[in-house]
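Some notes on the structure that comes next.
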2 protein chains.
Amino acid sequence: MNNIGFEPVRRHDLSKQIADQIRQAIIEGTLKADDRLPTEEDLAQRFDVSRPTIREALKRLAAQNLIRTRRGPTGGSFITNPSMLELSDTLTGLTTLLVGMERFSTQEINQARQELELICCRLAATQCTREDLLQLGQELQVQQDPALSPEAFCASDVRFHRAIANATGNHMLAFIMHTVIEALQPVANMLASRFQERQVIVDQHQRLYEALEQRDAQAAEKVIIEQIAYLSSRHEQAQARRAAREDGDH
Amino acid sequence: MNNIGFEPVRRHDLSKQIADQIRQAIIEGTLKADDRLPTEEDLAQRFDVSRPTIREALKRLAAQNLIRTRRGPTGGSFITNPSMLELSDTLTGLTTLLVGMERFSTQEINQARQELELICCRLAATQCTREDLLQLGQELQVQQDPALSPEAFCASDVRFHRAIANATGNHMLAFIMHTVIEALQPVANMLASRFQERQVIVDQHQRLYEALEQRDAQAAEKVIIEQIAYLSSRHEQAQARRAAREDGDH
DNA sequence: TTTTTATAATTGTCTAGCAAATTAACAATT
DNA sequence: AATTGTTAATTTGCTAGACAATTATAAAAA
């Protein structure tokens, strides 16, 4: 860290420039995971700015999960090895924002999800390990409990689909799928309330599990298509109901 | 804005809490695009913290492209309607980070890309408009220029594939593909240097264009598979060369 | 040796203020 | 009357110095 040649900065948007320089150092590998940055005071002297300015820069990085801080001696700012999980969180946050802003139609979302899930289950059918199946079976058990709260059911549903993504053995696909699935959770929450609907979904999951167990990609694909179609129709019904209610208000 | 009930904050990680509250207000729609936040002084009084703390919170939001600031009277912090493009940038930055940190093997990346591009060209074959084809044709023209710099060629390559993603007519898929393609650009830059290799790629693009024009999804898929296979083999060769060179150093 | 205590390092926050940018109002000039 | 220059006000950008909270380390006491 001591030999990094930080460039001087123009007197404008200082904290952004500083944050960008540190960020670049991380991307280029000059700063590696768990490396400790100099203390705030030290950084202030190096960049020739005040400590608050340094702090603003560090907060920018913290907002992107690129550093974490600890107090006390041996404390300071540390480069966070952005575990895929944490990064996926920030990613999900952004996608949630987009979905929440209704930049995508539900039709588009459903189509995208179907295509992605088809890939996943096709790959999972050939690649999944015993551990993956175990994970899926576990969630299946959870979901069969009728006393489960809607939130808990939905959470298990998300975990089930994430497990399928993991079973592809492809980290990048899993990463993308996690983002998509997580972002769609609020939408999914609208459903999964009534017992009857749950029963349908659990049944589909059961058949999906069996298809993967027997490495039957075609059967798995069929279930996915069926599930997405079912969810789509439920969606449309819910939207129609809501539209009708709002109409009745006026 | 004046009637938003900001909650009091615990005396720990103040700037994070404040940033989260404002962020939440944006997601929930209480704060809409181009709304102006109160001045920093005003916010400081409302949250009962000092101005530097407020500024740290605002920098966190700025780092996520959620607000922009202007000085002077009529200045202040404004909610930015995160256009898909900007958000895609942040997303791409994160993914680039992951790719750069070698969290994904090139094999995984190639497989993911192939599966995603297959979806895209299949959908594009049925959905693409005359405008989409025009866009593709334009890039094709650009790429045929032998005098093109490697960087410009690569940029055109990226635009070509983005255009295919757009041609699906599905904004969410396009969004995902943009992220993936952009993140992979540095990798792609390693190739596309030699004229002969370029020629192969342009030829593949040409056939892809024709397939889409004739709405022949199968032909398009075939080209995609061929191109990914070609790129993969090139990658492996490059890596083998580099490994050999590093070996020779010792 | 173990426990307690002191100490120092480091981030977190506050107060106070100046600098720079930008707008708006007003005066001066044509 | 219209335009142009000037000044004042507002707001973010940045600095300075201080104190509080937290935590690891070392010294001191049991």
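Computation of the quantities below employed the complete heavy-atom set of this structure, encompassing side-chain atoms and omitting hydrogens, waters and symmetry-equivalent molecules. Being a predicted model, the structure only gives us computed values, none of them experimental. Here is the naming used below: chain letters follow the sequence lines, and residue numbers restart at 1 for every chain.
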Per-nucleotide protein contact along nucleotides 18-24 of chain D, 5' to 3', at a 4.0 Å heavy-atom cut-off (B base, S sugar-phosphate only, - neither), is B--BBBB
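- Of the candidates D/dT12, C/dT15, D/dA16, D/dA16 carries the atom nearest the A/Ser50 side chain, counting heavy atoms from C-beta on.
- For the pair A/Asp13 CG and D/dT12 P, the interatomic distance rounds to 14 Å; values are reported in whole Å.
- Summary of the strand contacts: A/Ser77 and A/Pro52 both lie near DNA chain C, and taking for each the nucleotide with the nearest heavy atom, the more 5' one is attributed to A/Ser77.
- Residues forming a side chain to side chain donor-acceptor pair (under 3.5 Å) with B/Arg70 (at least two apart in sequence, or on another chain): none.
- Contact annotation: A/Thr69 reaches the phosphate of C/dG12 (side-chain N/O to OP1 or OP2, under 4.0 Å).
- A straight line from CD of B/Glu56 to P of C/dT11 spans 12 Å, rounded to a whole angstrom.
- Per the geometry, CG belonging to A/Asp42 stands 13 Å off P belonging to C/dA9, to the nearest Å.
- In this structure, the CZ atom of A/Arg36 is 12 Å from the P atom of C/dA9, given to the nearest Å.
- Taking atom CD of B/Glu41 as the reference point, atom C1' of C/dT15 lies 11 Å away to the nearest angstrom.
- Using a 4.0 Å heavy-atom criterion, one finds that A/Lys16 contacts no nucleic acid atom at all.
- Phosphate contact (OP1/OP2 of D/dG13, side-chain N/O of A/Ser15, threshold under 4.0 Å): absent.
- Partners of B/Ser77 under the side chain to side chain donor-acceptor pair (under 3.5 Å) rule, at least two apart in sequence or in another chain, do not exist in this structure.
- When the P atom of C/dA9 is taken as reference, atom CG of A/Leu37 falls 20 Å away, rounded to whole Å.
- In this structure, A/Arg159 contributes its side chain and A/Gln135 its backbone to no donor-acceptor pair below 3.5 Å.
- A/Leu43 places its CG atom 13 Å from the P atom of C/dG12, with the value rounded to the nearest Å.
- For A/Phe104 and B/His171, the ring centers sit 6.0 Å or farther from each other.
- Of the candidates D/dT15, D/dC14, C/dG12, D/dC14 carries the atom nearest the B/Arg55 side chain, counting heavy atoms from C-beta on.
- Under 3.5 Å, the side chains of B/Asn170 and A/Gln111 contain a donor-acceptor pair of N or O atoms.
- Here the side chain of A/Arg198 pairs a donor or acceptor atom with the backbone of A/Leu148 at under 3.5 angstrom.
- Ring centroid separation for the pair A/His161 and A/His205 comes in under the 6.0 Å cut-off.
- Here C/dC14 presents its C1' atom at 17 Å from CZ of B/Phe47, a figure rounded to the nearest Å.
- Here C/dT11 is the nucleotide among C/dC14, D/dG13, C/dT11 with the atom lying nearest to any side-chain atom of A/Glu40.
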